[in-house]
Protein chains: 2
Amino acid sequence: MAKGNKRISIHDLAAELGLSVSTISRALNNASDVSDATKAQVWALAEKLNYQPNSMAASLRSGRSNILGVIVPHINGAFFPAVVHGIERLASQAGFNVMICQSSEEVGREVAHIKALLKAQVDGVLVSMSNTTRDYDHFEQVRRKGIPLVFFDRMPEMPNVCGVVADDYRGAYQLMEHLIGQGCRRIAHLAGPQHLNITYNRHKAYHDALLAHGLPYDEQLVVPLANSREKAGAAAMRQLLDGRIRPDAVFAAYDFAAAGALQVLEERGIRVPQDMALAGFSNEPFTTMVKPQLTSVDQQGERMGEAAVHLFLQLQKRSDTFTGQRIVLKPKLVVRGSSLYGQPAFAAQAINGPPPGL
Amino acid sequence: MAKGNKRISIHDLAAELGLSVSTISRALNNASDVSDATKAQVWALAEKLNYQPNSMAASLRSGRSNILGVIVPHINGAFFPAVVHGIERLASQAGFNVMICQSSEEVGREVAHIKALLKAQVDGVLVSMSNTTRDYDHFEQVRRKGIPLVFFDRMPEMPNVCGVVADDYRGAYQLMEHLIGQGCRRIAHLAGPQHLNITYNRHKAYHDALLAHGLPYDEQLVVPLANSREKAGAAAMRQLLDGRIRPDAVFAAYDFAAAGALQVLEERGIRVPQDMALAGFSNEPFTTMVKPQLTSVDQQGERMGEAAVHLFLQLQKRSDTFTGQRIVLKPKLVVRGSSLYGQPAFAAQAINGPPPGL
DNA sequence: ATGAAAGCGCTAACAC
DNA sequence: GTGTTAGCGCTTTCAT
């Protein structure tokens, strides 16, 4: 009984009302050249019969699917979810459905997802590369089909790519100036992969800021992170502490890594920020939950998502020329207890008192 | 130049090879009744011409889209991302593409998403209700179309619904027994919405466990949370502390709320767990980053996702009878510093007497 | 303002 | 094993 209802189509509506299918179609799409009376009839009947349009058929015929494909490396942490949220908001406002895929940082899955999205005839593809992606053929394929392609956050080194990024260099540079301004002189860096624009830029800003302030760049103070998670941060921190030089500040390329580092520091009885300042990157919500609260850089995830959709819509309009348009978002330094010695009112607890343990 | 390539279809392949379209179709789908030689030819040419199948056309014809629709309330925190991950893994293994949608806890968006998924001819819908959903018409509509519908975590009160849930009651009960076993006697509860199965069960277990151990259930010790976030937890904690009775333990229905509560306790100089034990629910990653680490209950997100897909696949096979099948996952209590008095090495300063006044 | 008719690209009987 | 054929449900000229 539940399924006897054979799907009802515009033909059924047409028959019922004694109209032609084309009129029904036009009415349903609210075309301008249908009388209001007819529209009303059609809408009413559609409602009554609980008519569900078949978007497959529509897409097949029209060539437009109204689906936007999105590929993110993962949805851990708060950043990518925020971006996705921004994308969904604006896209659905523009009448698009969004198909979200996770590459889980594997090129293989990224390629597979691109393929699936193309099969699904998406009208556009928004992607943030996986960190194992070194070859860009699959992206080129999207463009070759004339389908708008927009990157966000993690961009490939391709000619004429469109995309939106946060100014990681600037954010990291500001962060470094803050640390230096706090009196730190031997700042270490827990570095992300150098083939990705984002982490490359964070590292480069670290380097440049040091030199610009007359401080040496010491490779011993730069430890690569195996990934962006806590454990990797903890491991890197241990490696750093076991080295010859003891830094007086650590800039981790990710908040999660910073959190891992923080735990190691606590284990070893090194006070933050008194003995060592600490800062991360991304402004994850948990940065305000740990003790001391973590200084970080906010990447404006939601705005990034919106900007990406914006770019897509533009590209769709004038699909002839794929100008390598880029939008660069200004990140925001968020200073908290983990890098603040002294004065500010609310940070009073940060400085006085002996170490909290014991 | 980039877009002159008019899409190539099986007709092009057929013409090029002097075969019929049906043979091409069969070869492409690796049907058993095509000679290997032909298959090889077809595959080769498809590769060479970079043929992309059009899944819209295939779906329209076959009636199967191979798309699985998923609706989650949000992707904050780690739980829903974990579920989604589980879903994607198993679904893609079974040859399905996944379309993820966020309702953002708004029924309106949930309804809209259901509509869009139906239009897109999805083969099944997996959903975790928004917390503003009180009416289930849109879900019924899915079933009425004969489309497999599976809930996870948050289930509606509908007859014969299929779904997979964690045993929140059991998890919360174990948590309560742990607290009581630790000597807590005036345990408070920061409660989630009571119209949702999950938070209702957490509350009910709180209630039942108290009575079962001869402790009174006191409404003054139950404070409703405005939502699942930190701020709400902080607000509820303040309200609790401003009340007449000072609890010696707090069980928050969400980890984020517990984190907010923890901050308030710190502000007020109330030591955790010595003065007051604290526990949350979900086992978010940040529970190990805060100090003290938070006791919580793990909900097995990834397994829940896999189970949901499993149910869907079953439903799809025997679509005649919609048995109200349910899978219940056993949650896991994770005891950490926030509720541990005594022995363990690092907790040397433990106090076991009655809670210090004030 | 409405209708007729031709497909979009593919699959699935049914023939041979 | 391969070919023929008839649509899936809709949009979209082109008529009227």
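Proteins come first, then strands; the chains are lettered A, B, ... in the order of their sequence lines, and each starts at number 1.
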If I take atom [atom1] in residue [X] and atom [atom2] in nucleotide [N], what distance separates them, rounded to the nearest angstrom?
X: M56(B); N: dC10(C); atom1: CE; atom2: C1'; value: 13 Å
X: N66(B); N: dT11(C); atom1: CG; atom2: P; value: 11 Å
X: L19(A); N: dG3(C); atom1: CG; atom2: P; value: 5 Å
X: Q41(B); N: dG1(D); atom1: CD; atom2: P; value: 15 Å
X: L17(A); N: dT2(C); atom1: CG; atom2: C1'; value: 13 Å
X: Q121(B); N: dG9(D); atom1: CD; atom2: P; value: 9 Å
X: K39(B); N: dT2(D); atom1: NZ; atom2: P; value: 10 Å
X: D12(A); N: dC8(D); atom1: CG; atom2: P; value: 11 Å

Inter-end axis angle, the helix from dA1(C)-dT16(D) to dC16(C)-dG1(D), with every axis fitted to five base pairs (rounded, 10 degrees):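 If I round to tens, the end axes sit 30° apart.
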
Check ion pair K145(B)-E140(B) (N to O, under 4.0 angstrom):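 Result for this pair is no, no salt bridge flagged.
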
Cationic N near anionic O, under 4.0 Å, R154(A) to E105(A):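 Yes, this pair counts.
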
Among side-chain atoms of [X] and [Y], is any donor-acceptor pair under 3.5 angstrom?
X: S35(B); Y: T38(B); value: yes
X: S130(A); Y: T133(A); value: yes
X: Q102(A); Y: H74(A); value: no
X: K39(B); Y: N30(B); value: yes
X: H138(B); Y: E110(B); value: yes

CZ on F96(A) to CD on Q316(A), rounded to 0.5 Å: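 Taking CD in Q316(A) and CZ in F96(A), the distance rounds to 4.0 Å.
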
Any side-chain heavy-atom pair of N197(B) and V165(B) under 4.5 Å: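 Answer yes - side chains close enough.
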
Write out a two-atom table: protein N or O, nucleotide N or O from nucleotides 10-12 of chain D, distance below 3.5 Å.
residue : atom : partner : partner atom : Å
dC10(D) : OP1  : Y51(A)  : OH           : 2.4
dC10(D) : OP1  : N54(A)  : N            : 3.3
dC10(D) : OP2  : I10(A)  : N            : 2.8
dT11(D) : OP1  : N29(A)  : ND2          : 3.4
dT11(D) : OP2  : S25(A)  : OG           : 2.7
dT11(D) : O2   : R61(A)  : NH1          : 2.4
dT12(D) : OP1  : R64(A)  : NH2          : 3.1

Phosphate contact (dT2(D) OP1 or OP2) by S35(B) side-chain N/O below 4.0 Å: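 Yes, S35(B) has a side-chain N/O under 4.0 Å of OP1/OP2 on dT2(D).
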
